[in-house]
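Here, residue 1 is the first one in the sequence, and each next residue gets the next number. These numbers come from a predicted model, not from an experiment.
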Amino acid sequence: MNETSNIDRGALYNADLAPTTPAQRTWVWYHYAALWVGMVMCIPSYTLAAGLIDQGMSPWQAVTTVLLGNLIVLAPMLLIGHAGAKYGIPYAVLVRSSFGTQGAKLPALLRAIVACGWYGIQTWFGGLAIYTLLNILSGNALVAEPISWLGINLAQLVCFLAFWALQLYFVLNGTDSIRWLESFSAPVKIVMCFALVAWALGHAGGFGAMMGQPSKFVDGSEKAGQFWSVFWPSLTAMVGFWATLALNIPDFTRFARSQKDQVVGQAIGLPLPMALLALMSVIVTSATVVIYGKAIWDPVDLSGRFTGIGVGIALLILTLDTMSCNLAANLVGPAYDFASLAPRRISYKTGGLITAFIALFACPWKILASTNGYIFTWLIGYSALLGPVAGIMLVDYYFLRDTKLDTQQLFEEHGIYSYRNGWNSAAVIALVVGVLPNLPGFLHAAFPAAFANVPAFFQGIYTYAWFAGLAISAIIYALLMRRAAPQAALAAR
């Protein structure tokens with residue numbers, strides 16, 4: 001039900017968290033397709049194939065891995081998005097049905113913290129584009145030694161802060177301004193991609209040697225026989241890339257005109273554009289070997305090598321590209337999540353500001369210092385946290401409740417979703433049990449010197465972090481809930 005008039009407007013309610021009204025449900029399939037194209041066409045997505053090739057894959061293996069990972073993550077995206085379209089509620093409210101009206105703050109906070117890290121990463125890329133443009137205009141006047149304790153120089157820091165401040169307009173003007181930006185930027189990005197491929201092929205005289213480059217896993221190569229040991233963690237990382245959106249996609253689907261609109265729009269906008277972007281990045285980078293004598297995977301670096309007005313146009317588009325992705329993927333979700341922690345005191349706008357300020361301290365340039373740290377520590381690490389939450393939500397919504405929720409009760413402090421003092425112990429236990437097996441592997445990946453002797457068994461589990469966490473938590477939660485047969489599980493039927 002979407003009516004808000006009968007909902008308790010107590011401590012769990014604010015206008016931003018309330019179910020959307022029919023008048024607010026204006027998003028059609030194009031808006032979702034444009035939303036995903038806007039989020040997909042970003043610098044981190046462009047560099048995904050580079051990271052996989054750096055680990056030893058051939059270009060075609062890298063592109064296929066990206067496509068497969070996104071086809072996999074599309075499934076929970078559509079399944080969890082169903083609740084947003086049906087009931088008009090955001091992720092932070094939906095998760096109350098499984099974790100409890102107070103316990104929901106735990107997964108909301110986990111997802112929000114990860115999004116803050118991503119918001120910082122994208123803001124860094126946007127600031128880097130500004131920094132590169134200013135250096136071109138000033139003859140590299142801003143180039144300087146990095147500040148020792150910070151890892152970047154003062155000009156880089158100022159550009160990072162400038163891009164951060166530029167995004168505040170959209171933070172303060174809500175989801176409608178973000179939808180407008182995505183709808184406007186999506187066709188611009190598509191045209192830019194075709195233009196970039198045409199430039200590469202025209203200047204290189206073809207695809208270049210890189211497209212035919214074999215993997216490093218073939219017999220006689222330096223990593224012969226190691227393909228699967230690289231493929232599985234890489235696939236997990238590709239799933240993990242959008243694991244945050246797989247949880248908070250109801251924040252967008254709550255505005256859908258129909259289920260068909262959110263399903264069709266997302267199916268068109270996510271898997272294929274991600275694979276095509278990966279393919280484009282390989283084609284363009286292969287051309288840079290011919291044109292510049294070396295592989296240039298960083299689109300900001302590549303844009304800086306253009307001549308004439310093309311430099312400014314390329315970097316301005318990169319700035320627009322980064323902003324549109326960052327605001328949609330990494331602002332909307334945590335803004336709702338923080339609002340759910342204290343609905344009476346924190347609005348969507350305030351939650352967005354909290355996200356932006358936390359992102360300032362994420363030090364994203366350190367996360368991106370190496371492909372190993374980016375893929376095997378950051379992407380897989382947070383997927384180990386979010387996979388279990390997705391497993392619990394899917395079991396709760398589909399298998400225990402058969403997609404039936406009482407929207408009014410989701411806002412009741414002492415209703416059927418309050419469990420024991422607002423916490424569902426079954427969900428918390430399932431979350432902890434789903435995360436723990438991945439913890440040793442994460443510690444080994446993040447701090448190899450300090451945790452060098454982690455058993456191979458746990459390192460192997462960490463390879464499948466998102467999958468393992470989702471499966472373990474889903475099974476544990478289903479068993480605990482069926483055994484306890486709580487009032488909420490029965491009342492929702």
Side-chain angles (χ1 to χ4, degrees), residues 26-48 66 70 73-74 77-78 81 84 115 118-119 121-126 129 163 166-171 173-196 241-246 248-257 261-281 299-300 303 313-336 352 355-356 359:
T26 58
W27 290 41
V28 296
W29 71 268
Y30 169 78
H31 294 120
Y32 290 102
L35 175 74
W36 273 113
V37 170
M39 291 192 291
V40 162
M41 302 292 180
C42 64
I43 296 174
S45 297
Y46 183 95
T47 59
L48 281 178
V66 171
N70 282 273
V73 81
L74 178 65
M77 200 84 68
L78 297 178
W118 266 121
Y119 193 88
I121 287 174
Q122 293 279 20
T123 301
W124 166 249
F125 278 124
F163 188 77
L166 191 62
Q167 296 173 112
L168 285 183
Y169 169 83
F170 296 93
V171 173
N173 284 276
T175 56
D176 282 341
S177 65
I178 294 174
R179 183 184 65 170
W180 173 86
L181 180 64
E182 299 299 330
S183 298
F184 167 76
S185 66
V188 174
K189 292 180 180 184
I190 293 172
V191 171
M192 178 197 71
C193 288
F194 280 114
L196 190 56
F241 191 81
W242 294 118
T244 53
L245 264 295
N248 80 281
I249 195 65
D251 297 343
F252 297 99
T253 60
R254 66 195 298 241
F255 299 103
R257 188 179 60 181
D261 284 306
Q262 70 99 1
V263 170
V264 171
Q266 292 200 80
I268 291 173
L270 175 57
L272 189 58
M274 276 293 288
L276 289 176
L277 182 67
L279 178 61
M280 186 198 79
S281 71
V300 176
S303 298
I313 293 175
L315 289 171
L316 285 174
I317 291 177
L318 279 176
T319 303
L320 170 68
D321 162 61
T322 303
M323 185 183 300
S324 64
C325 174
N326 203 22
L327 293 168
N330 307 313
L331 174 73
V332 175
Y336 283 124
T355 301

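Nearest heavy atoms, L245 versus A329: CD2-O, 3.4 Å. Counting all heavy atoms, side chain and backbone alike, G333 lies closest to D251 at CA-OD2, 3.1 Å. The minimum heavy-atom distance between V40 and G269, with the atom names listed, is CG2-O, 3.9 Å. V171 approaches G352 most closely through the heavy-atom pair CG1-C, 3.6 Å. The minimum heavy-atom distance between N330 and T355, with the atom names listed, is O-CG2, 3.6 Å. The two atoms that bring I268 and A33 nearest to each other are CG2-CB, 4.4 Å, heavy atoms only.
Note that CG of L277 and CG of L272 are 11.0 Å apart. Values are rounded to the nearest 0.5 Å. Put simply, CZ on R257 and CH2 on W29 are 11.0 Å apart, with the number rounded to the nearest 0.5 Å. Here the straight-line distance linking atom CG of L320 with atom SG of C325 works out to 11.5 Å at 0.5 Å rounding. To the nearest 0.5 Å, the span separating OH on Y32 from CG on L35 amounts to 8.0 Å. The structure places CG of L331 at 11.0 Å from CZ of F170, a figure rounded to the nearest 0.5 Å. Residue M39 holds its CE atom at 11.5 Å from CG of L327, rounded to the nearest 0.5 Å.
For the pair Y169 (side chain) and S177 (backbone), a donor-acceptor distance under 3.5 Å is absent. Side chain of S281 to main chain of T47: no donor-acceptor pair is present (N/O by atom type, distance under 3.5 Å, no hydrogens or angles).
You'll find the side chain of Q266 reaches within 4.5 Å of the side chain of T253, heavy atoms only. Residues W36 and W242 form a side-chain contact, since some pair of their non-hydrogen atoms from C-beta on lies under 4.5 Å apart. Put simply, the side chain of F241 reaches to within 4.5 Å of the side chain of L48, judged on heavy atoms. Looking at heavy atoms from C-beta onward, F252 lies in side-chain contact with I249 at the 4.5 angstrom threshold.
Side-chain N/O atoms of N326 and T123 include a donor and acceptor closer than 3.5 Å.
By the 30° and 60° cut-offs, the orientation of the rings of W27 relative to F255 is parallel.
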